[in-house]
**Student:** 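Please see the structure below; I have some questions.
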Amino acid sequence: MPVHPLSNLVRHARQHSPFYSDLYAALPPTVSELTALPVVDQDSFWAANTVQDNRVLTGPLAEAVVYKTGGTTGAPKFSYYSREEWREFATAFGQGLVDAGLRPGHRVADLFYAGDLYASFLFVLDSLAHAPVANVRLPIGGAAPLETTAPALEDFRAQVVAGTPTTLCRLAAHLLATGRQLPAVELLFFGGEPLFADQRPLLAAAFPHAEPRSLGYASVDAGLLGRPVPGPDPRVHRTFTPHTALEILDETTGEPIREAGRPGRVVVTQLYRRLMPVLRYPAGDRAEWTDPEAGCFRILGRADEGVRVGPVSLSAQDAQDAVATADSGGRIVGTQLVVRRWEGRDGLVLRLATAPGDDGQGLTALGGTVVDGLNRARPLYPESVAAGHVHPLTVEWARHADLVVNPRSGKLVRVVDERPTA
């Protein structure tokens, strides 16, 4: 049976995982309620989940697939799945692809990243192979040269292109720079990072008949998190019942949130994983219920996706909101926060990307409007400038190809910290 009762899963973890045995030492012999379990501490979990002398796994590493993950802490760690667990993971996610719009016969290009123990390319390919509708899979990969990717999509008349928003935008910029569009594409399946409003005009220009949709919400460490919910907001997902028990916890008290519209942190329990148990594991994201009875929730972004510049804390979403308000014409197609330090003070640079063919007229004024909006949203920043604590906000204009991406995953790095560490 791929899905296990919680009490059986807890018993198995206590008996066979030294980490969980220690964590649950004070609990009663039988536990059947999630809230009776402590939330896993990230630092302790990854300190125990090592390559050698692993204390999290419930058995020897004799049959498994191993993938690298940044977890929620940035530094690569490793996650383990048995053959049955990986098949269950991919099959459940493949069912969710139908919710995202996958139809019989769709030709799907997989532009996620492979190699270096990275999971997304193989996971999406396996999920498509296990989807309940027939489809044609084009395993191109995110590292393939754009000069060969674009012709492959044209030759096979791909109807669905799957990748990170950053990869899709880089492809779109390349198409426009070479005077091409891909009108045959119907769906842009994105995952791994949010799709922001400033990216949509670029995608619409290169893929005029395509609708961007989330292919689902998952991570290699936390596992299944949410399946797509058709509708205008791609951040809304539905829990993967019965495989997953997803909670949204109050960030102060740690109590489960039951009502809609109240933000909290996402904590997940996977009921199909026994080799590397995931029991009340923080997924690293914030969310809010939209329909608690139906298990529908809205992802609000990473819990830790922000930056501190001198005494001021800002989030990547602060910058996105300022851009969305200022850029009514949709000229900005990518936003990145760059932190630098010079003359003994920190400074924040907004790196804003424009689409190929933008003539550059009026960008100085547009940049000033964005800066004004962010200063209004975070008044402590201009106050800190006036006090001499930080440098004023500045704008650095770029093309989408100039934005910094993670070389392993191809995801856009929202915050680039260039301050010296020595």
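These figures come from a predicted structure and were not determined experimentally.
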**Student:** Checking salt bridge (Lys or Arg N to Asp or Glu O under 4.0 Å) for the pair Asp233/Arg298: CA distance, chi angles, key distance, verdict?
**Tutor:** CA-CA 8 Å; Asp233 189 345; Arg298 178 183 292 108; 2.9 Å; yes
**Student:** Step by step, would you call Tyr113 with Asn406 a side-chain hydrogen bond (donor to acceptor under 3.5 Å, both in side chains)?
**Tutor:** CA-CA 11 Å; Tyr113 279 70; Asn406 184 308; over 6 Å; no
**Student:** Quick test of your reading of the model: are Asp358 and Arg331 salt-bridged, counting only N-O distances below 4.0 Å?
**Tutor:**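 Yes, charged N to carboxylate O under 4.0 Å.
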**Student:** Taking the six-membered ring for Trp, is the centroid-to-centroid distance between Trp46 and Phe19 below 6.0 Å?
**Tutor:**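 Trp46 vs Phe19: aromatic centres not under 6.0 Å.
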**Student:** To the nearest 0.5 Å, what is the distance between CD1 (Ile332) and CD (Gln320)?
**Tutor:**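 That separation rounds to 9.5 Å.
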**Student:** Which pair of heavy atoms, one from Val40 and one from Leu279, lies closest together, and at what distance?
**Tutor:**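 What the structure gives for the nearest pair is CG2-O, 3.1 Å.
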**Student:** Can we say Glu154 and Arg180 salt-bridge, meaning some charged N sits less than 4.0 Å from an Asp/Glu carboxylate O?
**Tutor:**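 Yes, charged N to carboxylate O under 4.0 Å.
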**Student:** Are the side chains of Ile299 and His237 in touch, meaning some heavy atoms are under 4.5 Å apart?
**Tutor:**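 Side chain of Ile299 against side chain of His237, heavy atoms only: contact under 4.5 Å found.
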**Student:** Parallel, tilted or perpendicular, judged at 30° and 60°: which one describes the rings of Tyr24 and Tyr20?
**Tutor:**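 Tilted, since the angle between the ring planes falls between 30° and 60°.
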**Student:** Is any side-chain N of the basic residue among Glu288 and Arg262 closer than 4.0 Å to the acidic one's carboxylate O?
**Tutor:**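 No, Glu288 and Arg262 are not salt-bridged.
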**Student:** Is the backbone N or O of Arg55 less than 3.5 Å from a side-chain atom of Ser17, with the two atoms forming a donor-acceptor pair by type?
**Tutor:**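 Yes, the answer is positive, given that a donor and an acceptor are paired below the 3.5 Å cut-off.
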**Student:** Any sub-3.5 Å donor-acceptor pair from Arg14's side-chain atoms to Leu27's backbone N or O?
**Tutor:**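 Here the side-chain-to-backbone pair exists.
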**Student:** Looking at every non-hydrogen atom in both residues, tell me the closest pair between Val31 and Ala36 and how far apart they are.
**Tutor:**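 Taking every non-hydrogen atom into account, CG1-CB, 3.8 Å.
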**Student:** Is it true that Glu88 and Arg273 have a side-chain N and a carboxylate O under 4.0 angstrom from each other?
**Tutor:**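 Here Glu88 does not pair with Arg273 in a salt bridge, since their nearest N and O are not under 4.0 Å apart.
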**Student:** So, does Asp110 use its side chain to make a donor-acceptor pair with the main chain of Gly141 at under 3.5 Å?
**Tutor:**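 No, Asp110 side chain to Gly141 backbone: no donor-acceptor pair under 3.5 Å.
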**Student:** Within this structure, what is the SG-CG distance for the pair Cys169 and Leu203, rounded to the nearest 0.5 Å?
**Tutor:**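 Going from the SG atom of Cys169 to the CG atom of Leu203 covers 4.0 Å.
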**Student:** OG1 of Thr69 to CG of Leu117: how many Å apart, nearest 0.5 Å?
**Tutor:**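 Here the rounded value is 11.5 Å.
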**Student:** Looking only at heavy atoms, which two atoms of Val395 and Gly367 are closest? And how far apart?
**Tutor:**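 Distance-wise, the nearest heavy atoms are CG2-O, 3.7 Å.
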**Student:** What is the distance from atom CZ of Arg286 to atom CD of Gln317, rounded to the nearest 0.5 Å?
**Tutor:**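 One finds 10.5 Å between CZ of Arg286 and CD of Gln317.
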**Student:** Which heavy-atom pair separates Ser214 from Phe190 by the least distance, and what is that distance?
**Tutor:**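 Heavy-atom minimum between the residues: N-CE2, 3.3 Å.
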**Student:** Distance check, rounded to the nearest 0.5 Å: Leu188 atom CG versus Phe207 atom CZ?
**Tutor:**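 If we round to the nearest 0.5 Å, Leu188:CG and Phe207:CZ are 5.5 Å apart.
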**Student:** First locate atom CZ of Phe297, then atom OG1 of Thr290, and finally report the distance between them rounded to the nearest 0.5 Å.
**Tutor:**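 Rounded to the nearest 0.5 Å, the CZ-OG1 separation comes to 8.5 Å.
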**Student:** Do Gln270 and His243 meet the criterion of a side-chain donor-acceptor pair at a distance under 3.5 Å?
**Tutor:**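 Not at all, the side chains of Gln270 and His243 share no donor-acceptor pair under 3.5 Å.
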**Student:** Looking at Pro145, is its backbone amide N or carbonyl O close enough to the side chain of Thr149 to form a donor-acceptor pair, meaning the two atoms are under 3.5 Å apart?
**Tutor:**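 Indeed, once roles are kept as given, a pair shorter than 3.5 Å links the two residues.
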**Student:** Inspect the contact between Asp402 and Arg351 and indicate whether a charged nitrogen and a carboxylate oxygen are less than 4.0 angstrom apart.
**Tutor:**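 Not counted as a salt bridge, because no side-chain N and carboxylate O are separated by less than 4.0 Å.
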**Student:** Side chains of Asn49 and Tyr80: is there a donor and an acceptor less than 3.5 Å apart?
**Tutor:**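 No, no side-chain donor-acceptor contact under 3.5 Å.
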**Student:** Would you check if Leu246 and Val266 make a side-chain contact, meaning some heavy-atom pair closer than 4.5 Å?
**Tutor:**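 Leu246 reaches Val266 side chain to side chain.
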**Student:** Treating Gln159 as the side-chain partner and Arg107 as the backbone partner, does any N or O pair qualify as donor plus acceptor under 3.5 Å?
**Tutor:**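 Indeed, once roles are kept as given, a pair shorter than 3.5 Å links the two residues.
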**Student:** Less than 4.0 angstrom from a charged side-chain N to a carboxylate O is my criterion; do Arg340 and Glu396 meet it?
**Tutor:**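 So Arg340 pairs with Glu396 through a salt bridge.
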**Student:** Test side-chain hydrogen bond (donor to acceptor under 3.5 Å, both in side chains) on Gln15 and Ser21 and set out the steps.
**Tutor:** CA-CA 7 Å; Gln15 291 176 350; Ser21 178; over 6 Å; no
**Student:** A side-chain contact here means heavy atoms from C-beta on lying under 4.5 Å apart; do Val338 and Glu418 qualify?
**Tutor:**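 With C-beta onward as the side chain, the pair touches.
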**Student:** Would you tell me whether Thr241 and Thr239 have side-chain atoms, one donor and one acceptor, within less than 3.5 Å of each other?
**Tutor:**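 The criterion, which ignores hydrogens and geometry beyond distance, is satisfied for Thr239 and Thr241.
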**Student:** Phe123 and Tyr67: aromatic ring centres closer than 6.0 Å?
**Tutor:**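 No, the ring of Phe123 stays outside the 6.0 Å limit from the ring of Tyr67, centre to centre.
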**Student:** Would you indicate whether Glu293, at its atom CD, is surrounded by more than 12 heavy atoms from other residues, nucleotides or ligands within a distance under 6.0 Å?
**Tutor:**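 Atom CD in Glu293 is not packed in, count stays at 12 or less.
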**Student:** Taking all atoms of both residues into account, what is the closest heavy-atom pair of Glu193 and Thr166, and its distance?
**Tutor:**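 Taking every non-hydrogen atom into account, OE2-OG1, 2.7 Å.
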**Student:** Locate the shortest heavy-atom distance separating Gly334 from Leu403; write the atom from each residue and the value.
**Tutor:**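 Here Gly334 and Leu403 meet closest at CA-CD1, 4.0 Å.
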**Student:** Taking His130 for the side chain and Ser127 for the main chain, is one N or O donor matched with an acceptor at less than 3.5 Å?
**Tutor:**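 Checked: no pair found.
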**Student:** If you define the side chain from C-beta out and look only at heavy atoms, does anything of Val108 sit under 4.5 Å from Leu102?
**Tutor:**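 Yes, close enough: below the 4.5 Å cut-off.
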**Student:** Within the structure provided, determine whether Val339 and Val416 are in side-chain contact (heavy-atom separation under 4.5 Å).
**Tutor:**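 In short, these two side chains do not touch, never coming nearer than 4.5 Å.
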**Student:** List the steps, then state whether salt bridge (Lys or Arg N to Asp or Glu O under 4.0 Å) holds for Arg265 with Asp250.
**Tutor:** CA-CA 7 Å; Arg265 64 171 179 153; Asp250 185 278; over 6 Å; no
**Student:** Would you say the side-chain atoms of Thr58 pair up with the backbone N or O of Ala13, donor to acceptor, closer than 3.5 Å?
**Tutor:**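 A pair under 3.5 Å: no.
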**Student:** Looking at Ala64, is its backbone amide N or carbonyl O close enough to the side chain of Tyr81 to form a donor-acceptor pair, meaning the two atoms are under 3.5 Å apart?
**Tutor:**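 No, the answer is negative, given that no donor and acceptor are paired below the 3.5 Å cut-off.
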**Student:** Does a side chain donor of either Ser82 or Arg274 reach within less than 3.5 Å of an acceptor in the other side chain?
**Tutor:**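 No, no side-chain donor-acceptor pair sits under 3.5 Å.
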**Student:** With no hydrogens and no angle check, is any side-chain donor or acceptor of Thr269 less than 3.5 Å from a backbone partner on Arg280?
**Tutor:**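 Yes: the side chain of Thr269 pairs with the backbone of Arg280.
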**Student:** Using a 6.0 Å cut-off, check whether atom CD of Glu147 has over 12 heavy atoms from anything other than its own residue.
**Tutor:**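 Check passes, neighbour count above 12.
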**Student:** Is Arg213 close to Pro234 at the side-chain level, that is, under 4.5 Å between some pair of heavy atoms?
**Tutor:**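 No. Closest side-chain heavy atoms not under 4.5 Å.
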**Student:** Flag the pair Val39 / Pro282 as yes when at least one side-chain heavy-atom distance between them is below 4.5 Å, and no otherwise.
**Tutor:**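 Yes; the side chains approach each other to less than 4.5 Å.
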**Student:** Counting N and O atoms only, with roles assigned by atom type, does the side chain of Thr178 sit under 3.5 Å from a partner on the main chain of Leu175, one being a donor and the other an acceptor?
**Tutor:**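 A pair under 3.5 Å: yes.
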**Student:** Within the 3.5 Å criterion, strictly below it, is a donor on His400 or Gln199 matched to an acceptor on the partner's side chain?
**Tutor:**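 No - no donor-acceptor pair under 3.5 Å links their side chains.
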**Student:** Decide, yes or no, whether a salt bridge links Arg419 with Asp346 under the criterion of side-chain N to carboxylate O below 4.0 Å.
**Tutor:**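 Answer for the salt bridge query: yes.
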**Student:** Tell me, do Leu348 and Tyr381 make a side-chain contact under 4.5 Å, heavy atoms counted?
**Tutor:**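 The answer is yes; the side chains approach within 4.5 Å.
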